[in-house]
Participant: 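Got a structure here, written out as structure tokens. Questions coming.
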Amino acid sequence: MSIPESPPFRLSRRGFLNVAALGAASVAVSACTTTSPVAVNPPQPAYVEPPLADYVTMYAAVSDGGFDLPAIPVDKIDPRFLRQIVQDPTGQKPGTIVVDTTNHFLYLVRPGGEAIRYGVGLGRAGFAWSGDAVVQWKQKWPKWTPPDEMIARQPELKPYSADNGGMPGGLKNPLGARALYLFQGNQDTLYRLHGSPEWRSIGKSVSSGCVRLMNQDIIDLYDRVPSKTPVIVTADVSDPTAGTNHKGIAIDSGVPTG
């Protein structure tokens, strides 16, 4: 008995094309599921400090708190001591204030390796204290209360003693348009970063005061830093711990309350 041969398997042209299409589709799906690249987020751009205004604008006359501050003649000031953005020489974290008592600069460290630099004038108290502290209080047009030791040396200041209520804020007040009061823990360092109408003293060492800035600069700094801002006062910005001295000389006993 003979077994009939199976008929040969034949594909029509249409069937062949359908099979080929299915094969190509399966290859495409396989390729998509095994070799698709992983999405990568683009790197965040480096922080760039917004540019400052021109000097004439920064130091123009301004009305503030009911007082009219006169314009500062920027052409009569060494350009080094005008507000500017520089490469940060301190290595401190952004938001830190560093006072360089050797070169009469104050740095506000910013992100991206930059700092805003202000020129300062230093008095006897400015050289007598160095170390680290925080901005405990911020005051606009602060009252000035000379300590008893100062009144003993200058009896003409007695009308502004604590018992007499101090000197109210104003254009002639030694603390200028703003004051930042520096503390270590709950202890007043007797050290102040403050404004001054005496723009000629910026970049110089004068007879009294702590660290004084031009009024337009202390207003700018005041607006940029919150309370509890860390502050380092040093004679060497490359080594802030060098020669640390925590003894202050009082120039103002009028610590704000509240």
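Side-chain atoms are counted along with the backbone in the values below, which use heavy atoms only and exclude waters and symmetry mates.
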Participant: Where do Leu175 and Lys143 come nearest, in terms of heavy atoms and distance?
Facilitator: CD1-O, 3.7 Å
Participant: Tell me whether Asn173 contacts the main-chain N or O of Met167 through its side chain, where contact means a donor paired with an acceptor under 3.5 Å.
Facilitator: yes
Participant: So does Asp132 get a backbone contact from the side chain of Gln184, meaning a donor-acceptor N/O pair under 3.5 Å?
Facilitator: yes
Participant: Please answer whether the main-chain N or O of Ala177 pairs with a side-chain N or O of Gln139 as donor and acceptor at a distance below 3.5 Å.
Facilitator: no
Participant: Do Val99 and Ile232 have side-chain heavy atoms sitting under 4.5 Å apart?
Facilitator: no
Participant: Not counting sequence neighbours, list each pair that qualifies as a salt bridge (charged side-chain N to carboxylate O under 4.0 Å, His left out) and has a residue in residues 185-200.
Facilitator: Asp188-Arg192, Arg192-Asp252, Glu198-Arg212
Participant: Check for me, please, whether Val48 and Leu108 land in the same ILVMFWY cluster - side-chain distances under 4.5 Å, paths through other members count.
Facilitator: no
Participant: Under the 3.5 angstrom rule, does the side chain of Thr145 hit a backbone N or O of Ser253 as a donor-acceptor pair?
Facilitator: no
Participant: Arg117 side chain to Asp88 main-chain N or O, any donor-acceptor pair under 3.5 Å?
Facilitator: no
Participant: Using the rule given for side chain to side chain contact (heavy atoms under 4.5 Å, CB included), can you reason through Val120 versus Ile202, listing the C-alpha separation, both sets of side-chain angles and the distance that settles it, and then say yes or no?
Facilitator: CA-CA 5 Å; Val120 300; Ile202 301 303; 5.6 Å; no
Participant: Heavy atoms, side chains only, cut-off 4.5 Å: are Ile151 and Tyr160 in contact?
Facilitator: no
Participant: Run the side chain to side chain contact (heavy atoms under 4.5 Å, CB included) test on Ile97 and Leu106 for me, step by step, so that the C-alpha distance in whole Å, both residues' side-chain angles and the decisive distance to 0.1 Å come before the verdict.
Facilitator: CA-CA 7 Å; Ile97 292 173; Leu106 182 150; 3.9 Å; yes
Participant: Which heavy-atom pair separates Ala179 from Pro142 by the least distance, and what is that distance?
Facilitator: CB-CG, 3.6 Å
Participant: Do Phe105 and Phe81 make the cut of ring centroids closer than 6.0 angstrom?
Facilitator: yes
Participant: What pair of heavy atoms forms the shortest contact from Leu171 to Pro197, and how long is it?
Facilitator: O-CG, 3.6 Å
Participant: Supply the atom-to-atom distance Tyr181 OH to Leu190 CG, rounded to the nearest 0.5 angstrom.
Facilitator: 12.0 Å
Participant: Once you round to the nearest 0.5 Å, how far does NE2 of His104 lie from OG of Ser201?
Facilitator: 9.5 Å
Participant: Could you give the distance from CD1 (Ile72) to CE (Met214), rounded to the nearest 0.5 Å?
Facilitator: 5.0 Å
Participant: Any side-chain donor paired with an acceptor under 3.5 Å for Asp236 and Thr234?
Facilitator: no
Participant: Got a second to check how far Ser205's OG is from Leu122's CG, nearest 0.5 Å?
Facilitator: 5.5 Å
Participant: Could you tell me the separation between the CG atom of Leu193 and the SG atom of Cys210, rounded to the nearest 0.5 Å?
Facilitator: 8.0 Å
Participant: Would Val225 and Leu213 show up in the same hydrophobic cluster when neighbours are defined by side-chain heavy atoms closer than 4.5 Å?
Facilitator: yes
Participant: Could you tell me whether a side-chain N or O of Lys138 sits under 3.5 Å from a main-chain N or O of Tyr222, the two making a donor and an acceptor?
Facilitator: yes
Participant: Evaluate whether atom OH of Tyr107 has more than 12 neighbouring non-hydrogen atoms of other residues, nucleotides or ligands under 6.0 angstrom away.
Facilitator: yes
Participant: Do Lys158 and Asp163 have side-chain heavy atoms sitting under 4.5 Å apart?
Facilitator: no
Participant: Does any non-hydrogen side-chain atom of Val135 lie less than 4.5 Å from one of Val231?
Facilitator: yes
Participant: Quick one: do Leu180 and Trp137 satisfy side chain to side chain contact (heavy atoms under 4.5 Å, CB included)? Show the steps, please.
Facilitator: CA-CA 6 Å; Leu180 308 180; Trp137 304 98; over 6 Å; no
Participant: Sequence neighbours left out, what passes salt bridge (Lys or Arg N to Asp or Glu O under 4.0 Å) with Arg110? Give chain and number order.
Facilitator: Glu49
Participant: Which is it for Gln136 and Val134 under the side chain to side chain contact (heavy atoms under 4.5 Å, CB included) test, yes or no, and what are the steps along the way?
Facilitator: CA-CA 6 Å; Gln136 184 77 6; Val134 298; 4.1 Å; yes
Participant: Give a yes or no answer on whether the side chain of Gln187 reaches the backbone of Gly185 with a donor-acceptor pair at less than 3.5 Å.
Facilitator: no
Participant: Can you confirm whether the side chains of Asn215 and Trp199 place a donor and an acceptor under 3.5 Å from each other?
Facilitator: no
Participant: Grab the two heavy atoms, one from Pro230 and one from Lys93, that are nearest each other, plus how far apart they are.
Facilitator: CG-CE, 4.4 Å
Participant: If we ignore hydrogens and angles and just use 3.5 Å, is the side chain of Thr189 paired with the main-chain N or O of Leu182 as donor and acceptor?
Facilitator: yes
Participant: Look only at the side chain of Asp54 and the backbone of Val56, and say whether a donor-acceptor pair between them is shorter than 3.5 Å.
Facilitator: yes
Participant: Could you pull out the closest heavy-atom pair between Gln84 and Leu52, with the gap in Å?
Facilitator: CA-CD1, 3.7 Å
Participant: Do you know which two heavy atoms are closest between Phe67 and Gly169, and how far apart they sit?
Facilitator: CZ-O, 3.5 Å
Participant: Taking Lys140 first and then Asp223, would you say they form a salt bridge - that is, a charged N and a carboxylate O separated by under 4.0 Å?
Facilitator: no
Participant: Could Arg83 and Tyr118 be counted as a cation-pi pair, given that NZ or CZ must be under 6.0 Å from the ring centre and within 45° of the axis?
Facilitator: no
Participant: For Asp75 and Tyr55, which I'm curious about, is there any donor-acceptor pair between the side chains at under 3.5 Å?
Facilitator: no
Participant: Looking at CG of Asp100 and OG1 of Thr90, how far apart are the two atoms once the value is rounded to the nearest 0.5 Å?
Facilitator: 10.0 Å
